[in-house]
Amino acid sequence: MPPIRVLLVDDQPMIRTGFRLILETEPDIEVVGESADGMAAVRDTAELRPDIVLMDIRMPRLDGVEATRLIARSGPESKVIILTTFDLDAHVLDALRAGASGFLVKDGPADSLVAAIRTVATGEAILAPRVTRRLLDRFARIPEQEQRVQEAAAPRTLDALTARELDVLRAMASGLSNAEIAEHLTVSEATIKTHIANIFEKFQLRSRVQAVILAYDTGLVAPRAAP
């Protein structure tokens with residue numbers, strides 16, 4: 001198998017160097033470039049076509065959220081993993097809406113970075129279903145000035161979905177895995193995967209995370225009350 005090609009995006013050279021040192025020890029991962037801001041990241045992604053873009057969320061000229069949105073619009077080839085200094089950063093939800101496949105905290109262990117790259121390269125998101133639920137519960141009530149992000153990123157109706165697809169989407173947003181959804185709906189796991197693929201196609205979604213956000217944005221699932 002060819003190595004997983006990675007682009008490093010961060011405005012701090014020392015952080016990029018640190019990530020490069022970690023990744024260059026892995027035989028199945030190749031660092032193909034470095035970008036110092038979001039604008040460079042969009043340009044370098046188009047030129048280098050990496051499998052994975054490790055994207056800092058706060059950068060000059062163009063931040064990681066907007067850079068992710070532009071990369072996602074260009075096609076599904078390059079998948080974005082957002083890097084943030086703080087766990088459950090308020091901007092992470094915007095980045096996931098924009099098309100990121102998940103997020104990592106910068107001071108996490110090196111093996112989690114490597115594992116995340118390998119996981120996302122296979123087409124999966126790096127947030128487990130229940131972690132996704134906790135993230136969305138935390139930020140479901142976003143400030144009014146940020147409502148424009150919802151309006152721009154999310155369809156206002158789920159009329160395109162069948163009744164069974166609605167059941168599957170609702171179950172995903174409740175934190176169930178594919179196997180758990182299959183058991184709950186008394187169908188095969190392969191059938192659930194087909195329904196999820198249909199949901200992705202109808203709403204041009206890139207990951208399970210975006211599907212769960214769709215359920216919240218359209219009111220299919222309500223956030224749990226704050227403790």
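Just so we're clear, the structure is a prediction, and the values are computed from it rather than from any experiment.
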Asp56 and Lys106 ion-paired at < 4.0 Å: yes
Where Glu30 and Pro3 come nearest, the two heavy atoms and their spacing: OE1-CG, 3.7 Å
Spacing of Leu104 atom CG and Met55 atom CE [to the nearest 0.5 Å]: 13.5 Å
Spacing of Leu48 atom CG and Arg43 atom CZ [to the nearest 0.5 Å]: 9.5 Å
Steps toward side-chain contact (heavy atoms from CB on, under 4.5 Å) verdict (Leu169, Met172): CA-CA 5 Å; Leu169 180 58; Met172 277 198 293; 3.9 Å; yes
Taking every non-hydrogen atom, the tightest pair across Ala116 and Ile81: O-CD1, 3.9 Å
Note, Leu214 side chain near Leu158 side chain (heavy atom, < 4.5 Å): yes
Considering all heavy atoms, the nearest Thr68-Ala100 contact: CG2-N, 3.6 Å
Straight-line distance of Asn178 CG to Thr191 OG1, nearest 0.5 Å: 11.5 Å
Stepwise side-chain contact (heavy atoms from CB on, under 4.5 Å) check, Val114 with Leu23: CA-CA 7 Å; Val114 174; Leu23 298 179; 4.2 Å; yes
Leu176 side, atom CG; Arg170 side, atom CZ - distance, nearest 0.5 Å: 12.0 Å
Flag, side chain of Arg16 to backbone of Asp10, donor-acceptor distance under 3.5 Å: yes
Arg5 side chain to Arg49 backbone, donor-acceptor under 3.5 Å: yes
CD (Glu24) with more than 12 external heavy atoms under 6.0 Å: yes
From CA spacing to verdict: side-chain contact (heavy atoms from CB on, under 4.5 Å), Phe19, Val31: CA-CA 9 Å; Phe19 286 140; Val31 177; over 6 Å; no
For the student: nearest non-hydrogen atoms of Ile82 and Gly64, plus distance: CD1-O, 4.3 Å
Closest non-hydrogen atom pair, Ala72 against Gly99: CB-CA, 4.2 Å
CZ (Arg20) with more than 12 external heavy atoms under 6.0 Å: yes
Contact check, side chains of Leu62 and Asp37, non-hydrogen atoms, under 4.5 Å: no
Nearest non-hydrogen partners of Leu7 and Ser35, listed with the distance: CD1-OG, 3.6 Å
Interatomic distance, Ile29 atom CD1 to Ile22 atom CD1 [nearest 0.5 angstrom]: 10.5 Å
Partner of Ile117 by side chain to side chain contact (heavy atoms under 4.5 Å, CB included), out of Leu54, Asp51, Asp28: Leu54
Spacing of CG belonging to Leu161 relative to OG1 belonging to Thr218, to within rounding of 0.5 Å: 8.5 Å
Chi angles and distances behind the side-chain contact (heavy atoms from CB on, under 4.5 Å) call for Lys202, Thr162: CA-CA 11 Å; Lys202 288 179 179 181; Thr162 66; 4.2 Å; yes
